Amino acid sequence: MAALMQGRVLAAGSAQGELLYAAEPLSFWGGYDPASGEVIDRRHPLSGAIAAGRVLAIPASRGSSTTAAVLLEAVRAGSAPAAILTAGVDTFLALAAIVADELYGRALPVVALAPADFARLAGGGRVHVTADGRVAFDDAAPA
């Protein structure tokens, strides 16, 4: 697995944390508890996992604009992921992060990776996300 990847910044910010990876999209509406940060969709591979404070890697969100509303509430409540990595541009996740920064002054980095780079996240680990869209594993943390 490569230690360093460059993605497209959808919402700027820097973060670090344990990676929480799934190859399946996640619906935040009915799939994420904004009070606790738990993935509550019982059919999703991350069911029961706590994403709060972790770097969440999902290929995309599933559903509609309610994803942005639920994620925005999670940011307000302090139970959002530290950052979100996707396998392409996801406008609903980006919208929530941009509005969270405007309303609450809290950055939620959202970075779109190339699908091949996204797949390399499957091994997990601790990652760092930089404001310019670099994603590095702990053994190659950016300066």
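Worth saying up front: this structure is predicted, and the values here are computed from it rather than measured. Note that the numbering runs from 1 along the sequence shown for the chain.
Between Glu24 and Asp41 the shortest side-chain heavy-atom distance does not fall below 4.5 Å. Between Phe137 and Met5, the closest side-chain pair of non-hydrogen atoms falls below 4.5 Å. Considering only heavy atoms from C-beta on, Leu72 comes within 4.5 Å of Leu103 through its side chain. Put simply, the side chain of Leu46 reaches to within 4.5 Å of the side chain of Leu56, judged on heavy atoms. Residues Asp138 and His128 are in side-chain contact: their nearest non-hydrogen atoms beyond the backbone lie under 4.5 Å apart. With contacts defined as side-chain heavy-atom distances shorter than 4.5 Å, the pair Trp29/Ser64 does not qualify. Contact of the Leu71 side chain with the Leu93 side chain is registered, since non-hydrogen atoms from C-beta on lie closer than 4.5 Å.
Between Leu10 atom CG and Leu108 atom CG the span is 10.5 Å, to the nearest 0.5 Å. Once rounded to the nearest 0.5 Å, the distance linking CD of Gln16 with CZ of Arg54 reads 14.0 Å.
When atom types are taken as modelled, the side chain of Ser79 and the backbone of Pro34 share a donor-acceptor pair closer than 3.5 angstrom. Not a single donor-acceptor pair under 3.5 Å links the side chain of Ser27 to the backbone N or O of Gly31. The backbone N or O of Arg76 sits less than 3.5 Å from a side-chain atom of Arg106, completing a donor-acceptor pair. Using a distance-only test at 3.5 Å, with no hydrogens or angles considered, a donor-acceptor pair links the side chain of Gln6 to the main chain of Asp132.
Hydrophobic clustering of Ile, Leu, Val, Met, Phe, Trp and Tyr side chains at less than 4.5 Å, counting indirect connections, keeps Leu26 apart from Leu85. No continuous path of hydrophobic side-chain contacts links Phe92 to Ile58 [ILVMFWY only; heavy atoms under 4.5 Å]. Val110 and Tyr104 end up in the same hydrophobic cluster when Ile, Leu, Val, Met, Phe, Trp and Tyr side chains are linked at under 4.5 Å. In the hydrophobic clustering of this structure, Phe28 groups with Val99; members are Ile, Leu, Val, Met, Phe, Trp, Tyr whose side-chain heavy atoms approach within less than 4.5 Å, directly or through other members. By the rule that hydrophobic residues join a cluster once side-chain heavy atoms approach within less than 4.5 Å of another member, Tyr32 and Leu20 end up as members of one cluster.
Nearest heavy-atom pair, Ala52 versus Ser36, reported as atom, atom and distance to 0.1 Å: CB-O, 4.1 Å. Nearest heavy atom pair, residue Ala112 against residue Thr86, reads CA-OG1, 3.4 Å. Between Pro109 and Ala82 the shortest heavy-atom distance is CD-O, 3.2 Å. The minimum heavy-atom distance between Ala87 and Pro115, with the atom names listed, is O-CG, 3.9 Å.
Annotation: Arg43, atom CZ; neighbour count of heavy atoms from other residues, nucleotides and ligands within 6.0 Å does not exceed 12. Taking a 6.0 Å sphere around CZ of Arg8, one finds it holds 12 or fewer heavy atoms contributed by other residues, nucleotides or ligands.
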I would like to know whether Asp117 and Val135 meet side chain to side chain contact (heavy atoms under 4.5 Å, CB included); could you show each step before the answer? CA-CA 10 Å; Asp117 283 339; Val135 178; over 6 Å; no
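Put simply, the residue from Thr91, Thr66, Asp90 that forms a side chain to side chain donor-acceptor pair (under 3.5 Å) with Ser61 is Asp90.
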